Structure formats: structure tokens, C-alpha cells
Peer 1: 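One structure, pasted below without further comment.
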Amino acid sequence: MTFRPTPQVPSSDVSSYHSLGVRRVINAAGRYTALGGSVMPPVVLQAMADAAGYHVDIEELQIAAGRRLAELTRNEAAHVTVGAAAGLVLSVLAATTGTDPVRIRSMAEGRLERPQVIVQRSHHMQYVPAIRLAGAEIIGAGNVLNTDPADIAGAITEDTVAVLHVAGAHLSRGSLPLDAVVRVAADYGVPVIVDAAAQLPPVENLWNFTAVRGADIAVFSGGKDLRGPQASGLIVGRADLVTAARLHGSPNQRLGRALKTGKEEIMGLVAAVERYMSLDHEARAKQWERIVDEWRGPLSLLPSVTAERDDLNEAGQPVPRLIIHWVGGPSAEELIAELADGDPRLAVAYVGQRSIGLTPDTVADDEVAPISEIISRHFLNGSGARA
Ligand SMILES: *Cc1c(COP(=O)(O)O)cnc(C)c1O
């Protein structure tokens with residue numbers, strides 16, 4: 001069986017989605033789950049299609065795929081999960097029980113003590129509740145702006161099983177950096193789990209948090225820049241913890257059984273990481289600059305509009321984007337709603353009251369020009385800003 005890649009034409013009519021009355025979206029907003037994350041390249045689609053055609057022993061596949069992914073990402077061990085958020089759940093479970101089969105079973109039966117996971121208050125964000133799903137309590141450290149090493153040390157108790165560290169250049173400058181967190185946690189023998197879900201690029205982050213900077217586990221999204229299956233994620237790091245994470249999950253009838261990764265996601269993610277390692281990342285960065293420039297030209301000529309390049313995207317990654325500000329006219333919410341309802345539908349990111357962002361990395365070549373045309377049209381004819 002061969003899959004045809006999604007035709008990249010700026011039309012709202014795409015085959016099977018259309019049959020349900022669902023229209024495709026041109027995505028200049030970013031790799032958001034609510035917009036389907038990212039699209040898979042043909043090599044990933046093909047790996048999933050091949051995997052779907054045969055039965056295999058899932059544990060054997062998980063272990064073999066984990067070994068390959070560990071090699072590719074220069075880590076001691078790796079495991080495929082059903083998304084980075086699921087990876088956080090399994091990692092916290094792993095830190096709670098280790099590989100002890102009795103403790104893993106006790107956890108599944110709700111008989112274990114209540115574990116605690118420390119999170120800097122400046123790191124509290126929408127994925128932190130994954131800790132609770134793993135049966136653990138979230139213990140805040142520091143305040144919303146700052147954390148000192150003593151804040152982490154002071155939050156550690158005998159029930160502490162891990163520190164969850166959120167990676168990203170967009171977080172508060174006063175957050176305690178990973179290296180300092182690793183030092184304090186190591187003094188108390190507490191593992192550090194890094195939520196690195198959106199921290200690709202740069203590709204080096206696949207080994208940077210763990211093998212280089214000493215965190216015990218890092219968790220990545222398979223469905224963001226890796227362009228693997230949308231429902232996939234990657235846990236990398238310390239072999240005993242990665243094994244424990246696997247033992248908590250499907251096909252084992254344990255607490256993580258609900259977070260089932262299929263053979264298709266496993267093979268799709270292996271193909272995606274192999275592809276990612278062989279990409280010319282410099283060429284990609286140049287391509288993004290070209291797209292941002294191509295947008296900036298016509299959009300900066302619009303009346304009452306300024307268009308400027310930004311170094312970092314909303315997840316703090318080194319992916320440039322174009323920020324558009326305007327004076328008067330619709331609010332950003334109104335413009336975003338109009339664009340989302342247009343034909344074709346266009347998704348852009350909210351930046352501020354009269355400011356939106358366009359990201360180049362989710363956009364196909366033949367969508368670049370239509371995007372600036374659609375936006376220009378809104379400002380010139382629609383309810384856009386007027387001088
Ligand atoms: C996207 C994201 C997640 C969730 O990743 P999924 O693969 O969608 O489960 C978790 N944490 C952060 C910081 C993210 O950006």
C-alpha cells in the first residue's frame with residue numbers, strides 16, 4: 001500500500017476531511033495540537049503504512065525501537081510514548097517506582113504512598129497536571145519570577161520522587177537553569193525530568209539535556225518539529241528509568257495502559273527521528289528566513305501596519321517568525337476569527353491586542369504567497385486597520 005502525501009494546495013477541499021464537511025486549515029500559527037500538530041513527510045507515512053500491515057510482538061518492537069532511538073539520539077535509552085504529555089506521566093510513574101515490579105503493581109492498584117514532584121513556580125504551565133495523572137502531588141518551588149537552589153532543596157522531602165524542569169528560552173529569566181537544578185537534585189539523589197516537548201530545533205537538544213547536561217530524563221513531542229505521528233512522543237535518558245516507564249505502559253496492564261502506543265506510532269517515530277537526524281538544519285533555517293522576508297515585504301507596506309521579524313517562536317525555539325502590529329481596526333481576536341473562518345481557512349498566532357504572529361515552519365512552499373495575500377486582503381478590503 002502506498003500513501004499519497006497530502007496535496008499542498010491552498011484549498012479547503014481535501015479528500016477524506018471534506019467528506020465529513022471538515023475543511024483543512026493553512027497553519028501559520030505553529031505546531032499546535034488543536035491544529036493537528038504537524039504534517040508527516042512521506043517517509044513517515046510509509047513507515048506507518050508498512051507497520052499497519054503486520055502483527056508483531058509489541059514488547060519486542062518497543063525494546064528494539066527504543067534501542068535504535070537511543071543510538072540515534074546519543075542517549076543511554078529511549079522509549080516511544082503516545083505524546084510528550086503521556087511521556088511526562090510515564091516518567092513520573094517511573095521515578096516513583098523504579099523497575100520494581102511489586103511497586104509498579106502497587107501503583108496500578110492505588111496502594112502506593114503519595115509521591116511528590118517539585119516544579120518551579122515559574123515553570124507552572126498547561127502540561128504540569130500530567131504529574132497529577134501519574135498520582136503525584138505538585139510541589140511548587142520559588143515564586144513566579146525567581147527560583148534559588150535553596151528553594152528546590154527546601155521543597156525536597158522523603159516523598160519527593162522527581163523535579164520536573166520545563167525547558168525553553170521563553171520562560172522567566174529568574175528561573176533556575178537546568179544545570180543548577182541538576183546539581184541540587186543530585187545532592188539529594190532526586191531524578192530530574194525535563195519537559196522538552198517543543199525544544200526541537202536545535203537537533204542537539206535530543207542529547208543536550210540528558211547526555212550533556214545531566215538530567216535523568218527528557219521528553220519530546222513526536223508530533224511537533226520531528227513531524228512524526230501526531231500521537232507520538234519520545235522519552236530519552238537513564239536506562240533504568242526508561243525501562244520503568246515502559247513497564248508502566250501498554251501492553252502491560254498497569255497504570256499507563258491507557259496511554260497505548262501502536263506499532264504504527266512506534267515505527268512512524270523511528271522513521272521521523274532517522275529523517276530528522278539527516279536533515280540539513282542550516283538549510284531549513286535559511287528557508288525560514290526567506291519565508292519571513294517574503295511575508296515582511298508586502299505586509300510592511302500596508303497602511304497602519306508594522307511587520308517585524310522575531311528571533312524566537314512562542315515556545316522559545318530558534319525559529320524566526322513575523323510579528324504584525326497595527327493601529328485601529330479589529331482586535332487580534334477578531335482578525336484571528338475572521339481568518340480562521342475564511343476560504344481557505346488560515347490560522348495565525350495571537351501575540352497581543354493588535355498583534356499576530358506568522359510562523360514559517362508549518363507552512364508549505366505554495367502556501368507562502370497566499371498567506372500574505374489573504375492577510376493583505378483583510379487589511380485593505382475587510383475590517384482591517386485604516387489609516
Ligand atoms: C506540546 C507540549 C507538550 C505536549 O506534547 P504532546 O506531544 O502534544 O503530548 C508538553 N509540554 C510542552 C512544554 C509542550 O510544548
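Each ligand, and each atom within it, is numbered from 1 in the order the structure gives. Owing to the predicted nature of the structure, the values given are computational and were not obtained by experimental measurement.
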Peer 1: Under a strict 4.0 Å criterion on non-hydrogen atoms, which protein residues are in contact with ligand 1?
Peer 2: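 Within 4.0 Å of ligand 1, protein side: Thr33, Gly83, Ala84, Ala85, Tyr127, Asp195, Ala197, Ala198, Ser221, Lys224.
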
Peer 1: Kindly assign one of parallel, tilted or perpendicular to the pair His281 and Tyr276, based on the angle between their ring planes and the thresholds 30° and 60°.
Peer 2: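 Plane angle over 60°, so perpendicular.
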
Peer 1: Consider only side-chain N and O atoms of Ser372 and Glu294, and report whether a donor and an acceptor are under 3.5 Å apart.
Peer 2: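 No, no side-chain donor-acceptor pair sits under 3.5 Å.
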
Peer 1: Under 3.5 Å, is there a donor-acceptor pair linking the side chains of Glu338 and His378?
Peer 2: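 There is such a pair between these side chains.
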
Peer 1: Side chain of Gln317, backbone of Ala198: donor and acceptor closer than 3.5 Å?
Peer 2: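 Here the side-chain-to-backbone pair exists.
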
Peer 1: Going by distance alone, is a donor N or O of one side chain under 3.5 Å from an acceptor N or O of the other, for Ser122 and Ser175?
Peer 2: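 Distance-only check passes for Ser122 and Ser175.
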
Peer 1: Is a donor on one side and an acceptor on the other found under 3.5 Å between the side chain of Arg321 and the backbone of Asp310?
Peer 2: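 Not at all, since once roles are kept as given, no pair shorter than 3.5 Å links the two residues.
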
